[in-house]
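Encoded as structure tokens, the structure appears first; notes follow it.
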Protein chains: 2
Amino acid sequence: MTRAPLTGESVLDAALTLFAERGYHGTALSEIAGALDVRTPSLYNHMRSKHDLLRTLVERTVTGVLADFRTAVDGRTDPIDRLHHATLVYARRHATHRREAIVVNRDTGSLDEPHRSAMQDLRRAHEHGLREIITDGVRTGRFAVDSPALASFAIREMCVSIARWFRDDGPVGPDQVAREYTEFALTIVGVGRV
Amino acid sequence: MTRAPLTGESVLDAALTLFAERGYHGTALSEIAGALDVRTPSLYNHMRSKHDLLRTLVERTVTGVLADFRTAVDGRTDPIDRLHHATLVYARRHATHRREAIVVNRDTGSLDEPHRSAMQDLRRAHEHGLREIITDGVRTGRFAVDSPALASFAIREMCVSIARWFRDDGPVGPDQVAREYTEFALTIVGVGRV
DNA sequence: CCAGCTAGCTAACGCTCATTCGTCTGGCGA
DNA sequence: TCGCCAGACGAATGAGCGTTAGCTAGCTGG
């Protein structure tokens, strides 16, 4: 029984699992090493620092979310269509990338500057993108909602929460959850069931 | 310029603020002491341990949530009425007790046993209470929703998220936010605007 | 005016953590 | 077969943590 080879990716993956479970500050490098059946100093052959692990994980996830969003809404003009696809990919991602979502939401604030601000700017870009879809829809009369900001927050955080309860071996799959949550989102902005 | 007297409550309050900002593991007792303009060991005249601070904060909040829920639904039988009031107090609490909500959601898992399990049981009691209202409403035909569990999660986490963006000096107050989110919740379960 | 208690302080302890250094080994190319 | 090199390791370092002990200033009640 030989162990899997130690690589930069395997270290990142173990860190991702443990950060999601116990938080960045609650996880010791010795625990990451233990999960890989290796002594702690060996990790340094495949990473720069503990902080760099977190930085890499957050950066990958946040840029991925933004890329997902852009490909989902690019080329679409109808606010209903744009919100539908934006929510679909966002909700789906939180079912398929649970650990990443938990770490980004809990531990982005633990990054040192200037990384923290850079990551928060990227997150805000997605936030504003979603909100603009809603304000657009309200302006053109497709949506009926009192405060676009409130609705946008509600929809976003509803999706984020999927990461907290979704189980791979549960009764519903990522696609079904994404569809149902997208329905919730559309009802929130006043669009009837599709 | 004399400083405020050090009490058990003032220590808890400073801990609450810092735990909410940086997380339990990300906060040092020296920082709590610094916020109170006191040296670290002085804290021990007013607390048992750092862990005990977290335990007290979580316990107070979780029992408060459950008490709120019970007084909100007790005596009401109509599922719409019950869900309306349960969501109202739950949403409102997350606007008025932001720090508590953030700490409970992020750091309950950092409690040692048996406290962690005890607190999680209390949280689950609220979760099941809310879900039962929805299953009740579905059974009696007042609600139209595919999965009560999914709807219940979506509503709960939507409310929890209020704690993450609400600002006391913002344009909307706790009552208005609670009312709008309660509307969202009712539309999610298929009840038209009231 | 003094005894005694409350509650702050300095100092120190033991522990854990992230990180570094130098050594050693096992596999690969020549 | 021999030399080389990547990479895992033991040992050590220094910083920071939570916590304890013992001292002391200042207020309180007699």
Side-chain angles (χ1 to χ4, degrees), chain A residues 1-59 103 106-113 115-116, chain B residues 1-59 103 106-113 115-116:
Chain A
M1 172 68 185
T2 173
R3 77 177 163 219
L6 199 61
T7 66
E9 287 305 313
S10 68
V11 173
L12 278 168
D13 190 73
L16 178 56
T17 298
L18 286 164
F19 288 173
E21 203 171 290
R22 313 176 195 196
Y24 174 70
H25 286 302
T27 303
L29 284 182
S30 61
E31 295 174 307
I32 298 175
L36 295 162
D37 198 23
V38 162
R39 308 282 168 233
T40 308
S42 305
L43 298 177
Y44 282 85
N45 291 317
H46 306 277
M47 68 175 203
R48 290 232 299 273
S49 68
K50 186 190 179 187
H51 180 268
D52 209 56
L53 288 179
L54 179 62
R55 214 213 70 243
T56 304
L57 292 171
V58 172
E59 189 172 296
V103 171
R106 181 204 266 151
D107 293 317
T108 297
S110 296
L111 285 171
D112 290 344
E113 293 292 2
H115 306 291
R116 177 176 44 208
Chain B
M1 172 68 187
T2 173
R3 77 179 163 218
L6 198 61
T7 66
E9 287 305 313
S10 69
V11 173
L12 278 169
D13 190 74
L16 179 56
T17 298
L18 286 164
F19 288 172
E21 203 171 290
R22 313 174 194 196
Y24 175 70
H25 286 301
T27 303
L29 284 182
S30 61
E31 296 174 305
I32 297 175
L36 295 162
D37 197 25
V38 161
R39 307 284 167 230
T40 309
S42 305
L43 299 177
Y44 282 85
N45 289 318
H46 306 276
M47 68 177 203
R48 290 233 298 273
S49 67
K50 185 189 179 188
H51 180 268
D52 210 55
L53 287 179
L54 179 61
R55 214 213 69 242
T56 304
L57 292 172
V58 171
E59 188 172 297
V103 170
R106 180 204 266 149
D107 293 317
T108 297
S110 296
L111 285 171
D112 290 344
E113 293 292 3
H115 307 291
R116 178 175 42 206

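Throughout, a chain's letter reflects where its sequence line sits, starting with A, and its residues are numbered from 1. Atoms considered below: every heavy atom in the structure, side chains included; atoms not considered: hydrogens, waters and symmetry mates.
One interatomic measurement links the two molecules: CG of A/L43 to C1' of D/dC9, which rounds to 12 Å at whole-angstrom precision. As rounded to whole Å, 18 Å separates atom C1' of C/dT19 from atom CZ of A/R39. Whole-Å rounding puts the B/D52 CG to D/dG18 P distance at 14 Å. Regarding B/Y24, its OH atom lies at a distance of 8 Å from the P atom of D/dG18, rounded to whole Å. We find that CG of B/L53 is positioned 15 Å from C1' of D/dC17, with the value rounded to whole Å. In this entry the distance linking CG of A/N45 with C1' of D/dC5 reads 12 Å, nearest Å. Distance NE2 (B/H25) to C1' (C/dC17): 13 Å, rounded to an integer number of Å. In this structure, CZ of A/R48 is placed 11 Å from P of C/dT19, rounded to the nearest angstrom.
Ranking C/dT10, C/dA18, D/dC9 by closeness to the A/K50 side chain, first place goes to C/dA18. Each of D/dC17, C/dT19, C/dA11 was ranked by its minimum atom distance to the side chain of B/A28; first place goes to D/dC17. Nearest nucleotide to the side chain of A/H46, out of D/dA8, D/dC17, D/dC9: D/dA8. Comparing C/dA7, C/dA18, D/dC9 by their closest approach to the side chain of A/Y44 singles out C/dA18. Side chain of B/L29, nearest nucleotide from D/dG10, C/dA11, D/dG18: D/dG18. The side chain of B/P41 lies closest to D/dT20, out of D/dT20, C/dT19, D/dA8.
Between A/L53 and A/M47, the closest side-chain pair of non-hydrogen atoms falls below 4.5 Å.
Considering CG of B/D107 and CG of B/L57, their distance stands at 10.0 Å, rounded to 0.5 Å. To the nearest 0.5 Å, atoms NZ (B/K50) and OH (B/Y24) are separated by 5.0 Å. Within the model, atoms OG1 of A/T7 and CG of A/N45 stand 12.0 Å from one another, a figure rounded to the nearest 0.5 Å.
Classified by interplanar angle (parallel below 30°, tilted 30° to 60°, perpendicular above 60°), the ring pair A/H115/A/H51 is tilted.
Across all strands, A/T40 comes closer than 4.0 Å to base atoms (heavy-atom distances). In this structure, A/T7 reaches neither bases nor backbone, as no heavy-atom distance under 4.0 Å exists between it and the strands shown.
Contact between the side-chain N/O atoms of B/S42 and the OP1/OP2 oxygens of C/dC9 is found at a separation under 4.0 Å.
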